[in-house]
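Beneath this line is the structure, given in structure tokens, with notes to follow.
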Amino acid sequence: MLYVQQSLADKEKIIHIGQFHWMYDVVAFFQMFMGVFLAFMIIFGSLHFQSKFGINLGGYAVAPDAGLFDTFRALHPAIKLVAFLFFLFGVLRFAQMMVTKATTEIAITNLRMIYKRGLVARAVIEMRIDRIESVDFLQGILGRIFDYGRVRVHGMGVGNIILPALARPIIIRKAIEKARDLNSDIK
């Protein structure tokens, strides 16, 4: 929450801080798991195919009593490369999702809504509370069951801001309404 805290104006108070739902972590781990699973399936599928049909998929012959490691080393480099690429894609997708989660800040203050994302290149979208026309949420079946969803904020002249899947999206809408009430009391 560094950016939000640093950018607060005088008499501006944080009303709500948006948080990612735990389902986001589940999806990130699933991405990594699928990459690792597919890599192992390629390797062990090739080894099984090789032992079942007696077709050598490697560059050189292996003794029938050779161990698993020697059989793996004898596999064709293209098979090992494809398996490694699946593994690498899964791990990189997991890392990308975790960096996104760690570097995204969503806050509702009594004066504005702040949505900051990015690690090296920073993208900040701020919208004054009095310029927000409506707030919608997008929830699927799992979102309704586990109470998470995306929030779409319509602004006057600004367009739409679509926030990532957040925990308890209705609280975001309530926080915006509370900020509007606080803002109207000041005027």
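Below, all heavy atoms of this structure are taken into account, side chains as well, without hydrogens, waters or symmetry copies.
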- prompt: Going by an N to O cut-off under 4.0 Å, is there a salt bridge joining R117 and E105?
  reply: no
message: Within the supplied structure, the quantity of interest is the number of heavy atoms (other residues, nucleotides, ligands) at a distance under 6.0 Å from Y24 OH; does it exceed 12?
response: yes
query: Other than I162, which residues form its hydrophobic cluster under the rule that side-chain heavy atoms must be closer than 4.5 Å?
result: none
message: Take a 6.0 Å sphere around CZ of F86 and say whether it holds more than 12 heavy atoms from other residues, nucleotides or ligands.
response: no
query: According to the interplanar angle, ranging from 0 to 90°, do the rings of F87 and F84 count as parallel (below 30°), tilted (30 to 60°) or perpendicular (above 60°)?
result: tilted
field: Results of side-chain contact (heavy atoms from CB on, under 4.5 Å) for F89 - residues two or more places apart only
entry: none
query: Quick one: ring-ring contact (aromatic ring centres under 6.0 Å, His included) pairs with a partner in residues 129-152, sequence neighbours left out?
result: H21-Y148, W22-F146
Close side-chain approach of Q139 and D147, heavy atoms under 4.5 Å: yes
query: Does the side chain of V124 come within less than 4.5 Å of Y115's, by heavy atoms?
result: no
task: Any salt bridge (Lys or Arg N to Asp or Glu O under 4.0 Å) involving residues 165-179? Give me the pairs, sequence neighbours left out, ordered by first then second residue.
output: E177-R180
query: Would a hydrophobic clustering, with Ile, Leu, Val, Met, Phe, Trp and Tyr connected at side-chain separations under 4.5 Å, put M41 with I79?
result: yes
query: More than 12 foreign heavy atoms under 6.0 Å from CD1 of I141: is that the case here?
result: no
Given I129, V4, I17, the one that forms side-chain contact (heavy atoms from CB on, under 4.5 Å) with I108: I129
- prompt: Which pairs count as salt bridge (Lys or Arg N to Asp or Glu O under 4.0 Å) when at least one residue sits in residues 23-33, sequence neighbours excluded?
  reply: D25-K101
- request: Under the salt bridge (Lys or Arg N to Asp or Glu O under 4.0 Å) rule, collect the residues that match up with R150, sequence neighbours excluded.
  value: none
